[in-house]
Amino acid sequence: MKKHLFGLTCAAILSACGGGGGSTDNSNPNNGTDPIDRYIGTWNRKCDTWSMDDISDTNGKGISVIESIKIEKTSSVKASYVYTVKVFANADTQCAAQPIATIVKTGLNNANSDTSNAIMTTSFGVNELSYIGTQSLSLETVDKLKLVDAKLSNVQGNVTVGGAIVKTGSPTFQASTNDVLAKFKSSTEFFFNTIDNGVIPSAMVEDPYSVLTKQ
């Protein structure tokens with residue numbers, strides 16, 4: 001189950017949970033000119049289960065999700081992003097069938113919200129990724145970033161979206177700002193770890209469910 005960081009907040013695109021770190025090379029795979037360029041594109045996480053405290057089906061059972069983030073360049077060191085969660089039925093643990101609901105945080109910051117055709121689209125705050133620089137760890141050097149994640153809704157409660165119930169009061173769906181470290185496994189895979197209480201970890205910790213794969 002996902003542990004909160006990115007919810008792309010530390011609620012969803014970003015976590016420091018799970019097994020041990022690998023020895024993959026984090027040499028810069030950036031083929032662009034600017035530091036932010038290698039992050040640009042659409043990235044997905046693998047199918048995962050989420051807590052019923054975040055989202056359930058209409059019978060109160062757990063669900064599975066695929067998280068997606070579409071990152072667009074706004075400057076040499078900044079990008080905006082659209083965060084999408086596709087929700088799958090309780091029995092669909094491989095996320096193979098059609099989603100029962102979709103949640104989209106646009107990051108447009110125009111206080112709009114629309115729920116129709118099993119899709120909840122909201123714009124309560126900005127979604128922004130900022131490149132700060134590089135960070136040396138014990139055995140490698142990784143990117144240091146700031147992640148600003150918009151809240152999902154002004155409503156604190158249960159919202160029915162298609163076949164799902166979204167718990168908008170969950171910490172997953174609140175606004176957040178996190179300093180994070182990013183490690184590229186290759187030009188098409190990377191993952192985040194949070195920097196907790198300003199303490200830089202000695203090594204990156206990879207959880208297979210936190211890895212973002214370019215589409």
Side-chain angles (χ1 to χ4, degrees), residues 2 4-16 22 24-48 65-86 95 99 102-110 112 119 121-137 140-152 172-173 175-195 204-215:
K2 168 194 90 141
H4 288 219
L5 174 52
F6 231 6
L8 209 119
T9 63
C10 236
I13 147 191
L14 324 171
S15 54
T24 38
D25 181 15
N26 195 51
S27 57
N28 193 339
N30 185 10
N31 293 321
T33 301
D34 297 320
I36 203 69
D37 286 348
R38 60 169 154 173
Y39 295 93
I40 305 308
T42 299
W43 307 79
N44 286 2
R45 284 190 168 142
K46 66 188 297 184
C47 180
D48 193 10
V65 303
I66 291 177
E67 294 175 88
S68 177
I69 180 171
K70 182 180 180 181
I71 304 175
E72 297 184 337
K73 184 176 180 178
T74 57
S75 78
S76 62
V77 293
K78 290 182 181 290
S80 61
Y81 64 87
V82 177
Y83 173 66
T84 301
V85 180
K86 292 185 177 181
C95 301
T102 301
I103 300 163
V104 182
K105 293 198 297 183
T106 67
L108 295 178
N109 197 24
N110 56 18
N112 285 340
I119 301 173
T121 304
T122 70
S123 305
F124 293 102
V126 299
N127 296 330
E128 187 174 71
L129 193 67
S130 301
Y131 177 86
I132 298 173
T134 58
Q135 179 66 54
S136 296
L137 306 181
E140 60 190 343
T141 298
V142 297
D143 285 351
K144 184 177 182 181
L145 309 168
K146 183 177 292 292
L147 180 72
V148 179
D149 197 47
K151 64 181 178 181
L152 177 63
T172 297
F173 299 126
S176 68
T177 299
N178 292 286
D179 287 340
V180 302
L181 301 177
K183 176 176 178 175
F184 277 81
K185 301 179 65 180
S186 70
S187 62
T188 58
E189 286 188 315
F190 77 97
F191 64 94
F192 294 101
N193 282 181
T194 51
I195 300 173
M204 296 290 284
V205 179
E206 179 184 344
D207 183 300
Y209 293 97
S210 74
V211 174
L212 290 154
T213 301
K214 197 166 192 177
Q215 303 304 294

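One is the number of the first residue; the rest follow in order along the sequence. Every heavy atom of this structure was used, including side-chain atoms; hydrogens, water molecules and symmetry mates were not. What you see is a predicted model, and the numbers here were worked out from it, not measured in a lab.
Taken from OG in Ser80 to CG in Asn109, the straight-line distance is 12.0 Å, to the nearest 0.5 Å. The OG1 atom of Thr84 lies 9.5 Å from the NZ atom of Lys70; values are rounded to the nearest 0.5 Å. Rounding to the nearest 0.5 angstrom, the gap separating the CD atom in Glu128 from the CG atom in Asp149 is 11.5 Å. Rounding to the nearest 0.5 Å gives a distance of 9.0 Å between CG of Asp179 and CG of Leu145. Note: Phe124 CZ to Asn112 CG = 7.5 Å, rounded to the nearest 0.5 Å. Here the NZ atom belonging to Lys146 is positioned 8.5 Å from the CD1 atom belonging to Ile195, to the nearest 0.5 angstrom.
Nearest heavy-atom pair across Pro35 and Ser76 is CD-O, 3.3 Å. When all heavy atoms of Val142 and Lys183 are compared, the closest pair comes out as CG1-CB, 4.1 Å. Nearest approach of Lys214 to Gly41, heavy atoms of both residues: CE-CA, 4.2 Å. Closest heavy-atom contact between Val82 and Thr106: CG2-O, 3.7 Å. Heavy atoms only, all atoms of each residue included: Lys151 and Thr122 are closest at O-OG1, 4.4 Å. Listed here is the closest heavy atom pair of Ala79 and Ile36: CB-CG1, 3.9 Å.
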### Task
Begin from the C-alpha positions of Val104 and Val85 and carry the test side chain to side chain contact (heavy atoms under 4.5 Å, CB included) through to its verdict.
CA-CA 7 Å; Val104 182; Val85 180; over 6 Å; no
### Task
Give the C-alpha distance, both sets of side-chain angles, the deciding distance and a yes or no for side chain to side chain donor-acceptor pair (under 3.5 Å) between Thr102 and Lys86.
CA-CA 5 Å; Thr102 301; Lys86 292 185 177 181; over 6 Å; no
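Ion pair Lys185/Glu206 flagged as a salt bridge, since at least one NZ, NE, NH1 or NH2 atom sits closer than 4.0 Å to an Asp/Glu carboxylate oxygen.
The aromatic rings of Trp43 and Phe184 sit perpendicular, their planes meeting at an angle over 60°, well past the 30° parallel limit.
No side-chain heavy atom of Ile69 sits under 4.5 Å from any side-chain heavy atom of Asn127. A heavy-atom distance below 4.5 Å is found between the side chains of Phe192 and Leu129. Under the 4.5 Å side-chain criterion, counting only non-hydrogen atoms from C-beta, Met204 is in contact with Phe191. A heavy-atom distance below 4.5 Å is not found between the side chains of Leu181 and Asp143.
In terms of modelled atom types and a separation under 3.5 Å, the side chain of Asn178 and the main chain of Val180 share no donor-acceptor contact. Put simply, the side chain of Thr42 never gets that close to the backbone of Gln215: no donor and acceptor are under 3.5 Å apart. Side chain of Asp48 to backbone of Val65: no donor-acceptor contact under 3.5 angstrom is found.
In summary, the side chains of Ser68 and Asn44 do present a donor paired with an acceptor at a separation below 3.5 Å, with no hydrogens or angles considered.
Annotation: side-chain hydrogen bond (donor to acceptor under 3.5 Å, both in side chains) contacts of Lys73 (sequence neighbours excluded): Asp34, Asp37. Shown here are the side-chain hydrogen bond (donor to acceptor under 3.5 Å, both in side chains) partners of Lys46, two or more places apart in sequence or in another chain: there are none. In this view, Glu189 satisfies the salt bridge (charged side-chain N to carboxylate O under 4.0 Å, His left out) rule with no residue, not counting sequence neighbours.
Aromatic pair Phe173/Tyr83: ring centres not closer than 6.0 Å. Taking the six-membered ring where the residue is Trp, the centroids of Tyr131 and Tyr39 are separated by 6.0 Å or more.
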